[in-house]
Amino acid sequence: MFPYLRPRRLRRNEVIRRMVRETSLSPDDFIYPLFATFGKKVRKEIKSMPGCFQESPDMVVRHAKDVYSLGIPAILLFGIPEHKDEIGSGAYDPAGVVQKAIVAIKNKVPDLYVITDVCMCEYTSHGHCGIIENGEVKNDPTLELLAKEAVSHAKAGADMVAPSDMMDGRVGAIREALDSEGFTETPIMSYAAKYASSFYGPFREAAESTPQFGDRRSYQMDPSNRREALKEVSLDVEEGADIVMVKPAMTYLDIISDVRESFDLPVAAYNVSGEYSVIKAAAKLGWIDEKRAMMEVLTSIKRAGADLILTYFAKEAVKVLNK
Ligand code: PBG
């Protein structure tokens, strides 16, 4: 006991702190989200997400090159189509915006690992993640479309697909469709425990995917539920998910930790748009030290058990790490 035991001994200077540090971040931990839109030479900043852009395929390629040259291994690609319709046909159009962006990126930056977000909400006129019948988001008819979308991303050259819709059975449906088209080696990273979160607000501006009626609570999880996350993850694992994701990250560190404890698959966590924006906004007002807050948040996500972090901070974090 004190005065013999003094934990401060191991905090005396930066060298010893570095030596006993339990958690460290590496560029390999990060996946950087990019937003592909239609057109040419388009690079439009997302107001609520300073430093993030909607970009046409030619500009996405330039951005992808920067990301790769910083040492970030992977991107997550979202698409904003020119036309939206009831059945989100832009999602599985071979000449769709994501498909075009994948081809362009693979052409110029072949070693950058391209993961695609598989969901209907960016492509449907109503902004929901599935097919609507009688005012309800229908599960089973949506599976077919998600499977088509995943296959079309794989055909364009995507390295991995990431379904984010939260329909039941979608991982199995996508696995089956990929396998039957010969994409047996394409992994699935499932948004396994995805909560109905207010922290997606800025993203919906970015992806122009705000639901036109109602909300996503009939398919995304209730933020109050912890045990249910393990059920969701185990279903996705049984259906063939290769990596499971928890989303959001900051307000769900307990879930990340539970999933890490209960499963042996790689665990990813999505540090979502609102989590990025609150730090950006507070920093702009001079209320918080942006770099330190960013590194603290990312470290906490890794400490909780995430192997991979999807984050809009990836480029800035890697710059700090490389210093
Ligand atoms: C699509 C999707 C969303 C996000 C990732 N994929 C939005 C949503 O579910 O409303 C959110 C990402 C973020 O907020 O950064 N379903």
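The structure presented is a predicted model; accordingly, all values stated were derived computationally and were not measured. Read the numbers this way: they start at 1 and go in the same order the structure lists the ligands and their atoms.
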Q. Taking heavy atoms and a distance under 4.0 Å, where does D117 meet ligand 1: side chain, backbone, both or neither?
A. side chain

(Q) Just to check, does K194 reach to within less than 4.0 Å of ligand 1 when the distance is taken from its heavy atoms? (A) yes

Q) With atoms numbered from 1 as shown, which atoms in ligand 1 lie under 4.0 angstrom from a non-hydrogen atom of S164? A) 1 (C), 2 (C), 6 (N), 16 (N)

Q. Counting heavy atoms only, which part of C121 comes closer than 4.0 Å to ligand 1: side chain, backbone, both or neither?
A. side chain

Q. So Y32 and H63, ring pair (Phe, Tyr, Trp, His ring centres under 6.0 Å) or not? Walk me through it.
A. CA-CA 11 Å; Y32 185 66; H63 203 162; 5.6 Å; yes

Q.
Pairs of nitrogen or oxygen atoms closer than 3.5 Å, one from E122 and one from ligand 1: do any exist?
A. no

Q: Among V137, T142, L143, find the residue that satisfies the side-chain contact (heavy atoms from CB on, under 4.5 Å) test when tested with N139.
A: L143

Q. According to the interplanar angle, ranging from 0 to 90°, do the rings of F78 and F203 count as parallel (below 30°), tilted (30 to 60°) or perpendicular (above 60°)?
A. perpendicular

Q: Provide the number and element of each atom of ligand 1 under 4.0 Å from a heavy atom of Y270.
A: 12 (C), 15 (O)

Q.
Just to be sure I read this right, does ligand 1 sit under 4.0 Å from the backbone of C119, its side chain, both, or neither, counting only heavy atoms?
A. side chain

Q) Side-chain donor-acceptor pair under 3.5 Å between S218 and E136, yes or no? A) no

**Q.** Atoms in ligand 1 with a heavy atom of Y312 nearer than 4.0 Å
**A.** 12 (C), 13 (C), 15 (O)

Q. Taking the six-membered ring for Trp, are Y219 and H128 parallel (under 30°), tilted (30 to 60°) or perpendicular (over 60°)?
A. perpendicular

Q) Of the listed options (S273, P202, S197, G274), which comes nearest to atom 13 (C) of ligand 1 when hydrogens are ignored and any heavy atom counts? A) S273

Q | Element-labelled atoms of ligand 1 that are located less than 4.0 Å from some non-hydrogen atom of K247 | A | 2 (C), 3 (C), 4 (C), 5 (C), 6 (N), 11 (C), 12 (C)

Q: Identify, with sequence neighbours excluded, every residue that meets side-chain contact (heavy atoms from CB on, under 4.5 Å) alongside L265.
A: V237, V244

(Q) Tell me whether M166 reaches ligand 1 (any heavy atom closer than 4.0 angstrom to a ligand atom). (A) no

Q: Below 4.0 angstrom from a heavy atom of F78, which ligand 1 atoms are there? Numbered from 1 as shown, please.
A: 5 (C), 6 (N)

Q: Tell me whether the guanidinium CZ or amine NZ of K247 lies under 6.0 angstrom from the six-membered ring centre of Y200 and within 45° of its axis.
A: yes

Q) What closest approach, in Å, do Y191 and R170 show between heavy atoms, and which atom pair accounts for it? A) O-NH2, 2.7 Å

Q) Where on Y276 is there a heavy atom closer than 4.0 Å to ligand 1, on the side chain, on the backbone, on both, or on neither? A) neither

(Q) Could you check whether any side-chain N or O of S190 sits under 3.5 Å from a backbone N or O of P163, counting only pairs where one atom can act as donor and the other as acceptor? (A) no

